[in-house]
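So that the names make sense, note that chain A is the first sequence line, chain B the second, and so on, each numbered from 1.
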Amino acid sequence: MVVIRDLLRFSPSFRVGALILVVVLALVVLSFFSPYAPDDRRVVPRNQPPSQEYLLGTTSTGQDVFWMLTYAVRNTLIIASIAVLIGRSIGVLLGMISGYLGGTFDRTISSVVDTFIVIPRLPLVILIAAILRGQLSFIGLGLLLGLLDWAYPSKRYRSQILSLREREFTYTGIYAGMGTFKIVTREHLPFLIPFLMADVVSGFLFAIGFEVTLAVLGLGDLNTQTVGTMIYWGNYYQALLTNRTWVLIAPIAASVLTVVGFYLVSLGLGNYLDPRTRLLRLQVQG
Amino acid sequence: MTLFKEYILPRLVQWILVIFIGVTVTFLIPRLSPVNPVDQALGRMTAFQTLSPEATLELRQSLLDLYGLEGSLLDQYLNFWKRVLRADLGPSFTSFPMTVNAIIGNAIWWTVGLLGTTVVLSWILGVILGGLAGYFRNRWWSQLLENTLIIIYPIPYYIVAFVLLMIFAYYFPIFPLVGGARGTPSFSWSYLSSLLEHAFLPALSIILGATAFRFIMSKALASTEVSSDYVQYAEMASLPRRRILFSYVLRNTMLPQVTDLGLSLGAIFEGALITEFVFGYPGLGSALYVAIVSADYNLIMGIALLSIFGIATASLLVDLTYPLLDPRVRYR
């Protein structure tokens, strides 16, 4: 809590980012109070521009853009969360195991990780999504993105563990008779958590970007409202050529806001975690 | 010789490993899918006409041959490797008599031209702007530049491209909506200018994002250099600031930047899928998109293999040139 208070007070980018994310979260919460089900069509007059009654206008299939957007943001965030959860779990586990075990195991894992970092992900995702077309649910999409985004984090965690393992308190723990498991969970994990937080944000950026990309190519789960599929259907019904841009502007603005919010928060966190600025802050406090 | 054994050999092994895993993954993914491409193709063919059972069986057999789906999984795998090593990726399914190689050969020059230029341009821009902003940290223009680029950086690329297209090709039709050039290829002014005109928006969209990324990296690197002792010393010696920035600070940030440039150049073969899709630019990305929509697996695999090979080779070359750039690696 103190950390968050400090961040809000000292880091302007964190403040703005947090504010944006609160707005985005408010949209997610609103989706539970939507008067329409996400797939209900022809519930409102078609192709209405934004007005007091329909805040962000309506689509060609008679859906209210504002309420659609609340579902879309929710689903996009669910996809991204699944991807982040899976990617980071694999990354942390592999990084920690190979950092601790060392030796042949570490060398094998490291070269596999290096290989995965190099393999281009976009063509791979597209290949998989194209083959599974129509069968890839939005949960599956999250899984897929998660399975592709663990190599780089795992490399970073490994190097963190390598340095933690050589610290004095680790030796103290060993001499005091703590088991490896206990040292890892009690002493080392707390050090990793800040890195994990910054890393989670970059995972969100990756997943949201890929979700939008896949959906506009028509490779996502087109029956679920996400930010990407809203843009896809907007293009499908020629929103641009028929001058109904509100259908497109809403999801575009939502995605830009979400990613910028996440990024600003991570910038603030990163500055806060940087050892040099941290020393400065400690001096000020002391 | 120790350099070779300790440095070059592991990199070569890594390169082979990357390509091996890449090829294996591209081989396995289509085969693990529940959709059988042969049945799918048969379904498409028989949707509009009825065939006798014998003809269907025969067609199925020839398709199996064509897709390389004969025999056990191991046989298929070995055959696949043989074709990969001969760089013969077979025919494309949608534009049948044309080979995958021919399609890639036509498309690749558009992509290499567009991406090669933009990657290099955005690299130079990002390094210089980032260096300036890192050196003159407290000027208003460096703050403005940083804030703008920080907001552009995380935005999904598709959105940047699409908004540019909306504004400059649709609402203010300054630039053309689709295509690579007008007229027949020749060294005439009209053809070359139309080439530039068509490439401008796609290039701008790539440069925006890539410059933002490079700027952030370059600024971070330059800031750490600026706080080192030698910079303070040079300032006390009142060397010209331009010289401090360009000859000392930026030069010291070159190593990671050059490495990264090599990797981005290697990623060119991945194609600018989204760019080419949004701007209707003819190139590898467009070819890949068409292949995806029409489930042309041979073409998809061909482009995926090309990109894996491109990026693996680029990272190998970068690693191999490292000793030339960084004496610490050379004299270890």
Side-chain angles (χ1 to χ4, degrees), chain A residues 12-13 107 111-112 114-124 126-135 201-202 204-206 208-219 227-228 231 235 240-241 243 245 248-249 251-253 255-264 266-267 270 276, chain B residues 10 13-15 17-22 25-26 29-30 32-35 37 147 150-160 162-163 165-166 170-171 224 227 263 266-267 269-271 273-274 277-278 288-289 291-293 295-297 300-301 303-308 310-312 314-315:
Chain A
S13 66
R107 271 200 294 280
S111 58
V112 172
D114 286 346
T115 312
F116 257 93
I117 288 177
V118 174
I119 286 178
R121 289 182 290 195
L122 188 60
L124 201 62
I126 285 170
L127 185 58
I128 299 173
I131 285 160
L132 294 177
R133 189 176 348 202
Q135 291 157 328
V201 171
S202 69
F204 265 101
L205 296 184
F206 164 81
I208 293 173
F210 263 55
E211 191 275 314
V212 171
T213 306
L214 283 182
V216 294
L217 292 175
L219 291 171
V227 172
I231 299 175
N235 280 335
L240 202 57
L241 295 178
N243 256 330
T245 27
L248 290 172
I249 286 174
I252 288 178
S255 71
V256 169
L257 270 183
T258 314
V259 291
V260 169
F262 271 117
Y263 187 66
L264 288 178
S266 87
L267 269 188
R276 278 162 303 177
Chain B
V13 172
Q14 181 81 44
W15 180 73
L17 196 71
V18 170
I19 290 187
F20 177 78
I21 293 184
V25 168
T26 9
I29 288 171
L32 290 178
S33 88
V35 191
N147 289 336
I150 273 179
I151 288 178
I152 292 177
Y153 168 67
I155 300 174
Y157 172 74
Y158 171 79
I159 307 257
V160 175
F162 189 63
V163 169
L165 184 79
M166 258 166 89
Y170 184 70
Y171 285 114
T224 50
S227 57
L263 288 181
F269 298 104
E270 196 172 315
L273 179 78
I274 311 299
F277 166 70
V278 173
L288 183 57
Y289 179 70
I292 291 163
V293 173
D296 190 345
Y297 291 115
I300 298 177
M301 286 202 288
I303 295 175
L305 286 176
L306 183 71
S307 64
I308 289 170
I311 199 151
S315 83

Give, as side chain, backbone, both or neither, the part of [X] having an atom under 4.5 angstrom from any heavy atom of chain A.
{"X": "B/Phe162", "value": "side chain"}
{"X": "B/Val25", "value": "side chain"}
{"X": "B/Val163", "value": "side chain"}

Starting at CG of A/Leu214, measure out to OH of B/Tyr158 and round the result to the nearest 0.5 Å.
->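 Here the rounded value is 12.5 Å.
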Just how far is it from atom CG of A/Leu257 to atom CD1 of B/Ile151, taken to the nearest 0.5 Å?
->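 If I round to the nearest 0.5 Å, the distance is 10.0 Å.
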Residue list, ring-ring contact (aromatic ring centres under 6.0 Å, His included) with B/Tyr157, at least two apart or on another chain |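 Testing B/Tyr157 for ring-ring contact (aromatic ring centres under 6.0 Å, His included), a comparison that skips the adjacent residues, returns none.
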Pairs of heavy atoms under 4.5 Å with chain B: top-ranked of A/Val212, A/Val259, A/Leu264, A/Leu248 =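 Looking at each of A/Val212, A/Val259, A/Leu264, A/Leu248 in turn, A/Val259 comes out on top.
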When heavy-atom pairs shorter than 4.5 Å are enumerated against chain B, which of A/Val260, A/Leu217, A/Asn235, A/Ile208 gives the highest number?
->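 Option with the top pair count is A/Leu217.
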Contact winner vs chain A - B/Ala304, B/Gly310, B/Pro154, B/Ala312, heavy-atom pairs under 4.5 Å =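 Max contact count across the listed options: B/Pro154.
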Considering the options A/Val227, A/Thr213, A/Ile231, which one meets the side-chain contact (heavy atoms from CB on, under 4.5 Å) requirement together with B/Ile159?
->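 Among the candidates, only A/Ile231 passes.
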